[in-house]
Visitor: 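Below you will find the structure I want to go over with you.
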There are 2 protein chains.
Amino acid sequence: MKNEDEPKDKRLKGGDAQKLTMAEVAKYVGVSAMTVSRAFRQDASVSEETRKRIMEAVDALGYVLDLSAGSLSSRRSGFIAALVPSINNSNFSDTARGITDALENTGLQLLLGYTDYSAEKEEKLIEAMLRRRPEGIILTGGSHTDRARRMLDKAGIPVVETWEIPEEPINHVVGFSNSEAMSLLVRSLASQGYRKFGYIGGTTARDTRGSQRRSGFLKTVDELGLGPGRAISFGVPPITMEQGGQAIVSLLERWPDTEVVLCVSDLSAFGAIMECKRRGMSVPGDIAVAGFGDYEISSVCHPSITTINVDCYGIGRQAAVRLLDALQGSGEAAGDEITLTSYRVVLRESTQRSAQ
Amino acid sequence: MKNEDEPKDKRLKGGDAQKLTMAEVAKYVGVSAMTVSRAFRQDASVSEETRKRIMEAVDALGYVLDLSAGSLSSRRSGFIAALVPSINNSNFSDTARGITDALENTGLQLLLGYTDYSAEKEEKLIEAMLRRRPEGIILTGGSHTDRARRMLDKAGIPVVETWEIPEEPINHVVGFSNSEAMSLLVRSLASQGYRKFGYIGGTTARDTRGSQRRSGFLKTVDELGLGPGRAISFGVPPITMEQGGQAIVSLLERWPDTEVVLCVSDLSAFGAIMECKRRGMSVPGDIAVAGFGDYEISSVCHPSITTINVDCYGIGRQAAVRLLDALQGSGEAAGDEITLTSYRVVLRESTQRSAQ
DNA sequence: AGGCAGGATGGTATCGATAACAATTCAAGA
DNA sequence: TCTTGAATTGTTATCGATACCATCCTGCCT
């Protein structure tokens, strides 16, 4: 009764076999489609022997599970959406990596988008993502359009905002205060004896983390009684290394006696340092420079660059864990939490005071 | 007890509205679900007036289209899958950006995965992606497991391999010969007068592009009669800047008279240069260094780094265009094509021969 | 006037898997 | 021996949108 003499040699040809469905696998094995479906999950109750036979058939036929059908009936898309400003920025791609890694073996897949630092683009992306019915969504920053907030609210899925502490969080938060982190860097350098502080970075509303770092800088310089901070702005994000170089030139033209320059990110700091060297200035001899983010480049660069180390990977990882928690124990712990991630000052050569 | 029933401002207040369906929008407007469905497409025949009313209702109710349902019945997932070795590498994230940009306004969404330079991980990812029934798939490189090839073949969707020219292409190819590109760089530097060439990079099977560059180097040095090339290997990809620094130290210990060192990528070249400077050596005075990939860092660095510029963004963009072509004119031009992308030598300070 | 093209809209049957529940088997305990 | 229930498998009804075809209506041509 188990002899199936149907021809089964027309596989490996692609195209025609594409319409292979679970029911056909079931028929091939001699069970119901439901049993095949169960064989694909780990928790389901299927006898080892049946599962083995099914999996052999799956292999022989080259069947691939169709999740889009499955997610419709189970009402679980298996997606987590995440939006970052840019994937070219290694800080954010580290975060994306953290998310992906945390999602491993959960059956959830990451749907990644980049907003290009634009709230409008973010709004569009959020809508595009929600159309896929993600089970949760991770955002960068706390600045969103009204419509975006409404859509997120209505979607009824957990939301995690990352990389900063929004004034009005939507739901969960995993991040740190960019302003305080920058403040810490200022104080740290002040305690090394630096007095005349310059800053390179934008004020644009596009990059709220950048703005927060800037205001942290200005506030702290003020608090320390070190006169008004000297700040230079340049183009819109994403910031380039080259712009850092241009900016430090203007800054030093305007305030030649500046002792140390803090930059919104390591990338601009690197650009600034390289431009200085190109012009024959010594760093930190003539001018000290610090960055933010502790990119790989900063430890390798000569001089190595003083910076704030941020746990980019951990932000992603923890954001995903928050989401998973919210999805599992949905009944319990409905509280929106703020998870603070660590940062620390990394003093390196670029701000070393020469012994004198 | 009544109070207990009250919702305590729980986050999921949109929960009830979540089950909002197209049929309900239709009822609200007084049309059929089919008409609502049509209103969401641009080509469909719906009167302007009806569409306006529907869209107002969509807005008022906060309805969001459900693509997972749509893709099941239309049998078009709206996904394109792309696998890159790493998203932390800006060369590949540029490619991802190229793909995303080319997909804009096509109604297709990018499903991105990273293989971590592992064929096994690639195989798993391919399966995970195929479960979402992507309409096309973009891979990096031409080295895949047998099972991966079988799955791709059976999937019956267009495949584009990128970043190199595989010996046995699956389908479409968008890339360039890494070996020839490296060869061009060698010849170019030889014509500047360099004679003693060193190379930094791995031989690992994980990074086929790296291996190709290496063999291109060795072959060309040999062809030019410049003795056997001096090659140093180091750890597994993803290569770090720091490893570049370590590698050049070993290389110069072993072959102190080396005149110029070529690196598998700009990142290791940068690390090598910085390490030299740290040790008080001048680049290019004492040793010349060149990279591959023309990362942002190379033009900003001091000294700026000689490299091969690769059209990373264009690779992504063209790969996506190939895919779109294959999807549209599926009847015509079934031929698998190889699209060559451009590369060029960029001579910079790091290999400048001093006038003497 | 009649007829007909073509735009606008509705009705129904899917798409492929899974939830929910029913049915069956088999083993162990009363 | 009968009962009970856990383990395994089957049946049916969806999930929510869209393909496909039918219908209705308007306006224009001969």
Side-chain angles (χ1 to χ4, degrees), chain A residues 1-2 17-55 57-58 61-79 107 130-135 155-156, chain B residues 17-55 57-58 61-79 107 130-135 155-156:
Chain A
M1 50 172 66
K2 297 189 170 130
Q18 195 183 0
K19 47 174 55 185
L20 192 58
T21 175
M22 196 174 259
E24 291 166 65
V25 176
K27 185 155 49 157
Y28 183 91
V29 181
V31 296
S32 74
M34 196 60 234
T35 302
V36 177
S37 172
R38 280 193 270 251
F40 271 99
R41 325 164 135 243
Q42 38 185 227
D43 61 312
S45 63
V46 183
S47 75
E48 250 341 291
E49 204 261 331
T50 309
R51 163 176 277 136
K52 191 168 137 268
R53 271 170 51 222
I54 290 176
M55 283 315 170
V58 163
L61 298 172
Y63 171 71
V64 176
L65 194 58
D66 187 333
L67 288 183
S68 53
S71 60
L72 181 58
S73 61
S74 70
R75 242 140 334 162
R76 298 197 46 214
S77 67
F79 279 125
L130 289 181
R131 288 183 170 187
R132 299 288 182 181
R133 297 292 187 269
E135 301 181 31
Chain B
Q18 195 186 357
K19 45 174 58 179
L20 192 58
T21 175
M22 198 174 255
E24 292 167 63
V25 176
K27 185 155 49 155
Y28 183 91
V29 180
V31 295
S32 74
M34 198 58 236
T35 303
V36 177
S37 173
R38 279 191 270 252
F40 271 99
R41 324 163 136 244
Q42 39 185 227
D43 60 312
S45 65
V46 183
S47 76
E48 250 340 291
E49 203 259 330
T50 310
R51 165 176 275 137
K52 194 167 134 268
R53 272 169 50 223
I54 290 175
M55 283 315 172
V58 164
L61 297 173
Y63 171 72
V64 176
L65 194 58
D66 187 333
L67 289 183
S68 53
S71 60
L72 181 58
S73 59
S74 69
R75 244 147 326 168
R76 297 197 46 215
S77 67
F79 279 125
L130 289 181
R131 288 183 169 188
R132 300 286 182 183
R133 297 292 186 270
E135 300 181 30

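In the text below, chain A, chain B and the rest are named by the order of the sequence lines, each starting its count at 1.
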Visitor: Using the side-chain heavy atoms of A:Met34, tell me which of these nucleotides is nearest: C:dC15, D:dG16, D:dT11.
Guide: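 The answer is D:dT11.
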
Visitor: What's the closest nucleotide to the B:Ser32 side chain, out of C:dG10, C:dG16, D:dA17?
Guide: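 Nearest to the side-chain atoms of B:Ser32, counting from C-beta on, is C:dG10.
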
Visitor: Check this for me: does any side-chain nitrogen of one of A:Arg133 and B:Asp66 sit under 4.0 Å from a carboxylate oxygen of the other?
Guide: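 Result for this pair is yes, salt bridge flagged.
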
Visitor: Distance from A:Glu24 atom CD to A:Leu61 atom CG, nearest 0.5 Å?
Guide: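 A:Glu24 CD to A:Leu61 CG: 8.5 Å, rounded to 0.5 Å.
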
Visitor: So how far is it from A:Tyr28 OH to A:Tyr63 OH, rounded to the nearest 0.5 Å?
Guide: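 Atom-to-atom, A:Tyr28:OH and A:Tyr63:OH are 15.5 Å apart.
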
Visitor: Identify which nucleotide among D:dT9, D:dA17, C:dG16 has an atom closest to any side-chain atom of A:Val46, counting heavy atoms from C-beta outward.
Guide: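 Minimum distance to the A:Val46 side chain belongs to D:dT9.
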
Visitor: Of all the choices, D:dG16, C:dA17, C:dC15, which nucleotide is nearest to the side chain of B:Arg75 once you look at every atom?
Guide: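 When the side chain of B:Arg75 is considered, C:dC15 is the closest of D:dG16, C:dA17, C:dC15.
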
Visitor: Looking for any heavy atom pair under 4.0 Å, which part of the strands does A:Arg76 touch: base, sugar-phosphate only, or nothing?
Guide: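 Here A:Arg76 touches no strand at all.
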
Visitor: B:Tyr63 side chain: which of D:dT11, C:dA17, D:dA17 is closest?
Guide: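 When the side chain of B:Tyr63 is considered, D:dA17 is the closest of D:dT11, C:dA17, D:dA17.
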
Visitor: Given D:dG16, C:dT18, D:dT9, identify the nucleotide with an atom nearest to the side chain of A:Arg38.
Guide: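 Nucleotide nearest to A:Arg38's side chain: D:dT9.
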
Visitor: Counting neighbours of CZ on A:Arg76 that are heavy atoms of other residues, nucleotides or ligands and sit closer than 6.0 Å, is the number greater than 12?
Guide: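 No, not enclosed.
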
Visitor: Starting from P on C:dT9, measure out to CZ on B:Arg51 and report it in whole angstrom.
Guide: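 Rounding to the nearest Å, CZ of B:Arg51 and P of C:dT9 are 10 Å apart.
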
Visitor: Between A:Arg41 (CZ) and C:dA20 (P), how many Å, whole number?
Guide: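 It is 11 Å, rounded to the nearest whole Å.
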
